[in-house]
Amino acid sequence: MAALAAGPDHLFNLRNSFYLGAYQAAINTSDIPNLSPDEAVERDCLVFRSYIALGSYQLVINEIDSSAATPLQAVKLLALYLSGPDYKESAISNLKELLADPAIGNNATLRMIAGTVFMHEQDYNEALKYTHASGGNLELDALNVQIFLKMHRSDYAERRLKEMQKIDEDHTLTQLATAWQNLAVGGSKIQEAYLIFQDFSEKSQVTSLILNGKAVCCIHMGNFDEAETLLLEALNKDAKDPETLANLVVCCLHLGKPPSRFLSQLRLAHPDHVLVKRASAAEESFDRAVQSVA
């Protein structure tokens with residue numbers, strides 16, 4: 001007897017919008033009929049993760065109650081973790097408690113949230129502990145590529161990327177991971193990364209994520225004027241996006257323009273951003289040097 005053909009992927013467009021940073025579009029188009037219970041949970045996770053990406057942490061915390069499915073509980077913990085320093089410790093503790101439960105600890109969404117949280121903590125070994133065995137889950141694979149690149153291990157990232165390409169070379173996450181890897185490798189690969197982001201911008205809604213991808217490629221290639229244009233367009237879409245503001249600071253320095261306005265915006269909106277911490281450390285070092293000379 002022939003195997004039954006797989007049914008339609010009702011969440012394809014919703015997932016794609018989320019992966020490419022079209023968070024409001026994901027929320028607006030989430031009313032999808034005829035979903036199975038598992039699909040409904042995945043849909044709700046994507047919608048709440050979109051709200052988190054837009055900074056609406058409290059909405060997510062308020063709307064997910066204690067009776068919700070494990071993946072949604074994990075998403076709520078991510079919202080708590082990101083909502084402020086007072087909640088980080090308890091969110092991590094609760095996350096570890098869920099991960100230690102043999103009945104639910106292997107849930108893919110739970111492991112992905114754990115990987116995301118520990119990547120934020122810059123505890124990359126802990127992040128990999130929960131995400132390394134992906135079982136062919138492309139979102140976990142893509143997260144692993146990000147983690148390895150943050151560890152400056154593009155060799156490991158490339159191995160994971162090859163596994164993704166075997167599963168689905170044309171998948172949005174595989175293409176994004178390819179662009180990230182190309183940026184890390186540099187050289188002639190930068191142009192290939194640019195073409196991936198350009199392809200996304202022609203086929204999809206243009207988002208801050210896509211514009212930043214193109215802009216970073218331009219910065220690597222020395223096209224700072226084009227990078228600035230792309231980043232200002234991204235800033236019009238989201239005035240508080242940390243990557244846009246950080247990339248504008250870098251771009252302004254290369255163009256010989258004062259970056260202070262964008263750095264001030266970044267400090268106000270994202271005081272824990274790595275660029276803010278580096279700038280503060282540099283200012284403190286400069287002040288100490290001035291005092292020692294005085």
Side-chain angles (χ1 to χ4, degrees), residues 4-83 87 90-120 127 129-144 146 164 167-168 171-174 176-177 209:
L4 289 171
D9 185 353
H10 296 113
L11 299 177
F12 178 83
N13 290 330
L14 177 58
R15 276 194 219 98
N16 245 23
S17 292
F18 176 77
Y19 296 150
L20 291 172
Y23 304 117
Q24 194 60 54
I27 293 163
N28 293 349
T29 58
S30 62
D31 188 12
I32 304 165
N34 306 319
L35 296 181
S36 70
D38 285 348
E39 285 175 327
V41 169
E42 187 184 349
R43 184 267 316 271
D44 292 346
C45 284
L46 288 164
V47 168
F48 284 127
R49 287 170 67 197
S50 296
Y51 277 118
I52 289 171
L54 293 171
S56 301
Y57 309 127
Q58 201 57 50
L59 180 148
V60 176
I61 294 162
N62 293 344
E63 295 225 353
I64 300 176
D65 62 33
S66 57
S67 65
T70 299
L72 287 163
Q73 295 295 343
V75 172
K76 182 176 183 174
L77 288 175
L78 177 62
L80 275 165
Y81 171 81
L82 294 170
S83 65
Y87 301 101
S90 64
I92 291 171
S93 172
N94 290 333
L95 196 56
K96 285 185 172 178
E97 203 175 301
L98 290 178
L99 289 158
D101 185 335
I104 57 173
N106 209 34
N107 179 273
T109 302
L110 175 60
R111 289 193 293 132
M112 191 195 54
I113 297 296
T116 303
V117 165
F118 290 114
M119 190 168 73
H120 273 282
K129 188 163 93 179
Y130 302 111
T131 62
H132 192 56
S134 75
N137 181 304
L138 284 175
E139 198 165 356
L140 279 171
D141 282 329
L143 183 59
N144 269 290
Q146 283 184 298
M164 294 178 74
I167 297 167
D168 187 348
H171 193 283
T172 298
L173 287 174
T174 308
L176 282 172
L209 184 148

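Using cut-offs of 30° and 60° for the angle between ring planes, the His171 and Tyr19 rings count as tilted.
The shortest heavy-atom contact between Ile104 and Thr70 is CG2-OG1, 3.5 Å. In terms of heavy atoms, Ile113 sits closest to Ala74 at CG2-O, 3.4 Å. Residues Asp168 and Thr174 approach most closely at O-OG1, 2.8 Å, considering heavy atoms. The heavy-atom pair separating Val75 from Cys45 by the smallest distance is CG2-SG, 4.0 Å. Summarising the geometry of Leu82 relative to Tyr57, their closest heavy-atom pair is O-CE1, 3.5 Å, with the distance given to 0.1 Å. Minimum interatomic distance between Gly115 and Ala127 (heavy atoms only, all atoms of both residues): O-CB, 3.6 Å.
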Would you tabulate the side-chain donor-acceptor contacts of residues 25-38 under 3.5 Å, counting partners in other chains and residues two or more places apart, or write 'none'?
residue	atom	partner	partner atom	Å
Asn28	OD1	Gln24	NE2	3.0
Asn28	ND2	Gln24	O	3.3
Thr29	OG1	Ala25	O	2.8
Ser30	OG	Ile27	O	2.8
Ser36	OG	Glu39	N	3.2
Ser36	OG	Glu39	OE1	3.4

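The line from CG of Leu11 to CG of Leu46 is 6.5 Å long, rounded to the nearest 0.5 Å. Rounding to the nearest 0.5 Å gives a distance of 5.0 Å between OG1 of Thr172 and CG of Leu20. Rounded to the nearest 0.5 Å, atoms CG (Asn144) and OG1 (Thr131) are 3.5 Å apart. Between Ser66 atom OG and Leu72 atom CG the span is 12.5 Å, to the nearest 0.5 Å. The distance from atom CG of Asn107 to atom CG of Asp101, rounded to the nearest 0.5 Å, is 11.0 Å. Taken from CG in Asp9 to CG in Asn16, the straight-line distance is 9.5 Å, to the nearest 0.5 Å.
When each of Tyr51, Phe18, Phe48 is checked for a ring-ring contact (aromatic ring centres under 6.0 Å, His included) with Tyr23, only Phe18 meets the rule.
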Under the criterion side chain to side chain contact (heavy atoms under 4.5 Å, CB included), I'd like the reasoning laid out for Leu77 against Leu98: C-alpha separation, chi angles, the key distance, then a yes or no.
CA-CA 10 Å; Leu77 288 175; Leu98 290 178; 3.8 Å; yes
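At least one side-chain heavy atom of Leu110 sits under 4.5 Å from a side-chain heavy atom of Leu95. Side chains of Asn106 and Arg111 form a contact here, defined as non-hydrogen atoms less than 4.5 Å apart. Between Phe118 and Ile92, some side-chain heavy-atom pair lies under the 4.5 Å cut-off.
Residues in residues 40-63 take part in these salt bridge (charged side-chain N to carboxylate O under 4.0 Å, His left out) pairs, two or more places apart or across chains: Arg15-Glu42, Arg49-Glu139. Each side chain to side chain donor-acceptor pair (under 3.5 Å) pair with one or both residues in residues 71-82, not counting sequence neighbours, appears once here: Tyr81-Glu121.
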